[in-house]
> 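Could you have a look at this structure, given as structure tokens, before my questions?
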Amino acid sequence: MKKHMLIRGTLILTITGLVTRIIGFFYRIFLSHTIGAEGMGIYQLIFPIHSICFSLTVAGIQTAISRFVAAKVSTGDDRSAKDTLYVGLGLSTALSFLAAYLLFQYAPWLSVHMLGEPRCSVLLQITAISIPFGSIHACINGYYYGLQKTSVPAMTQLIEQVVRVACVYLLYLICLEKGFAVTASIAVIGLAVGELVSTLYSLTALGYHFHRNPVQSSRTVAPFSQLRNIITLSLPLTANRVLINLLQSAEAILIPGQLRLFGMDNTGALSVYGVLTGMSMPLILFPSAITNSVSVMLLPAVAEAQARNDRRMIARTIENTIKYCLILGIMCTGVFLAFGDEMGLFIFNNEMAGSFIVTLAWICPFLYLTTTLFSIMNGLGKTTTTFLFNMFGLGVRIAFVFFCVPRYGIQGYLWGVLASELVLTFMGMFVLNREAAMDFPLHDWVVKPVISILIAIGGGLLSYSVLKKLSIPLDLIVMGISAGIICVLYVILLLAFGALHLRKPYSGVKDSK
């Protein structure tokens, strides 16, 4: 039953994630053509600060809620699960209003002295309004993840994306009609409105859920104990997320500055940063809708398995996670290597975006795998270890920004991203192997997928050249068909090689300590 809930929840989140990413994908194309590369660069500059606020107010708390709710529900203690949500929600809401006030007040100073771009001031103030709403629905989502019921979080995600895009498009039409300049402000207003509407939906759904599933007692049991547990688990997670976003903020500040040392002017540096973070990276991250969905469901599932002392389940989960993340990552690497240049040109009308996509293609197996491995580690309670690993990996990225970007340009930063993901992947695998002695059949997990993707790429490129000769009017359609052929051939070859099957539990699992 639990296995079916995990699969069902993952499928719901994956389908919703893919739909929202498809919407977001076309939204990014729209923004790139509407506000331009420099506008995208300015828009992307605010997100590290927005992410810091999210990390401080809710990121660790959401994970703590999810983990504790899963553990309580597994023992039939629904009252404590509900209390966990209330205590976590209260703490997060208080922190989010404080963060929103401080961000609104100090937005001008942050935009000038931290981001080095005064035009970000208004964007940060608009962003501040969205912080409490984002915190509220994130906590509610954490509760549903702990229950392994993903329909409400999935719908919240979809509503937020649809409302955001619709709002931005409406503002764009108003600007055209009134003759106003179209700036990045419309995108940030859309973000705030999307957060507001999705929060209203989450609260409505939660009220209906508690009405349908009442608990006996109306009094919160040991709220201070609940608060202490949430703070204890969330602190290292929060520190982890804050560190990540502080370093991302450092990147946002340093990359344009280091590019100027490389010889670019301010406009050129912002444009390069906008192309990388607003065009190329979202495309590389598009398939991670699958791995992100798996990660969200893995954390409570692993926490529940640990509560039952089911080491065999943990070992099986780790093995299947590694295998299928590698299979997905290798396929995406092949597609991006084969058609990355064309994607940048046909989708974003930007050759630079294509060049970045080809370079970033190599990180796909490690990027997707790291997300799920670290989710398993958090589910096992190893939040401090995750924090230390991320600190080391991001330190590698910052070092590349400092020493390589002034000499090699943005390519030096891309090398740093690859090195960082490699380090994080192998460190995560090392720790989890000590938790549950894993079997790593290299031929099934790496050799067969690599051989399959090489053959599939050949078939895809051949089909591309044939389709081009047929004079199909849209190059994007030709590229899409050819990329799809690569994926289909890849899966067929893996099936032929016998590489697509779930690994069963084995007896060589370490005993619980």
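Quantities reported herein were computed from a predicted structural model and do not represent experimental measurements.
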> Any sub-3.5 Å donor-acceptor pair from Ser66's side-chain atoms to Gln62's backbone N or O?
no
> Walk me through whether Met429 and Leu369 qualify under side chain to side chain contact (heavy atoms under 4.5 Å, CB included).
CA-CA 10 Å; Met429 290 177 64; Leu369 183 55; 4.2 Å; yes
> Given side chains that start at C-beta, do those of Ile23 and Leu158 come closer than 4.5 Å, heavy atoms only?
yes
> Find the distance between CD1 (Ile457) and CD1 (Ile485) and round it off to the nearest 0.5 Å.
13.5 Å
> Please report the closest heavy-atom contact between Cys332 and Tyr368, naming both atoms and the distance.
SG-CE1, 3.8 Å
> So does Ala353 get a backbone contact from the side chain of Ser280, meaning a donor-acceptor N/O pair under 3.5 Å?
yes
> Could you check if a side-chain atom of Ile61 sits within less than 4.5 angstrom of a side-chain atom of Leu95, using non-hydrogen atoms only?
yes
> Between Phe356 and Val272, is any pair of side-chain heavy atoms under 4.5 Å apart?
yes
> Got a sec, which residues hit side-chain hydrogen bond (donor to acceptor under 3.5 Å, both in side chains) with Thr425, two or more places apart in sequence or on another chain?
Thr370
> Are His50 and Ser130 close enough that some pair of their side-chain heavy atoms sits under 4.5 Å apart?
yes
> Just by modelled atom types, is the Thr57 backbone N or O under 3.5 Å from a matching donor or acceptor in the Ser92 side chain?
yes
> Between Pro406 and Phe262, what is the shortest heavy-atom contact and its length?
O-CD1, 3.5 Å
> Distance check, rounded to the nearest 0.5 Å: Met114 atom CE versus Leu124 atom CG?
9.5 Å
> For Ile486 and Phe339, what are the C-alpha separation, side-chain angles and deciding distance, and is it a side chain to side chain contact (heavy atoms under 4.5 Å, CB included)?
CA-CA 11 Å; Ile486 290 178; Phe339 296 112; 3.5 Å; yes
> Do Phe68 and Ile230 pass the side chain to side chain contact (heavy atoms under 4.5 Å, CB included) test, and can you show the C-alpha distance, the side-chain angles, and the key distance before you say yes or no?
CA-CA 8 Å; Phe68 286 128; Ile230 289 175; 4.3 Å; yes
> Gln258 side chain to Phe402 main-chain N or O, any donor-acceptor pair under 3.5 Å?
yes
> For the residue pair Leu276 and Leu414, what are the closest heavy atoms and their distance?
CD1-CD2, 3.7 Å
> Any donor and acceptor pair, going by atom type alone, linking the side chain of Tyr490 with main-chain N or O of Leu328 inside 3.5 Å?
no
> If every non-hydrogen atom of Gly134 is compared with every non-hydrogen atom of Phe54, which pair is closest and at what distance?
O-CE1, 4.4 Å
> To the closest 0.5 Å, what do you measure between OH (Tyr43) and CG (Leu123)?
9.5 Å
> Measuring only between side-chain heavy atoms, which start at C-beta, is Ile231 closer than 4.5 Å to Leu91?
yes
> Could you grab the distance from atom CE of Met155 to atom OG of Ser198, nearest 0.5 Å is fine?
12.5 Å
> Heavy-atom distance under 4.5 Å between the side chains of Cys487 and Val335, does that happen here?
yes
> What closest approach, in Å, do Ile357 and Gly340 show between heavy atoms, and which atom pair accounts for it?
CG2-CA, 3.7 Å
> What's the spacing between Leu367 CG and Glu421 CD if we round to 0.5 Å?
5.0 Å
> Does the pair Thr333 and Ile453 meet the rule for a side chain to side chain contact (heavy atoms under 4.5 Å, CB included), with working shown?
CA-CA 9 Å; Thr333 295; Ile453 197 62; over 6 Å; no
> Do Leu89 and Ile136 come within less than 4.5 Å of each other through their side chains, counting heavy atoms only?
yes
> Which pair of heavy atoms, one from Pro449 and one from Asp444, lies closest together, and at what distance?
CD-O, 3.4 Å
> Check whether Thr359 reaches the backbone of Ser355 with its side chain - one donor and one acceptor, N or O, closer than 3.5 Å.
yes
> Measure the shortest side-chain to side-chain distance between Leu373 and Val431 over non-hydrogen atoms and say whether it is less than 4.5 angstrom.
no
> How many angstroms lie between atom CD of Glu195 and atom OG of Ser202, to the nearest 0.5 angstrom?
9.5 Å
> Just to verify, what does Trp362 make a ring-ring contact (aromatic ring centres under 6.0 Å, His included) with, not counting sequence neighbours?
none
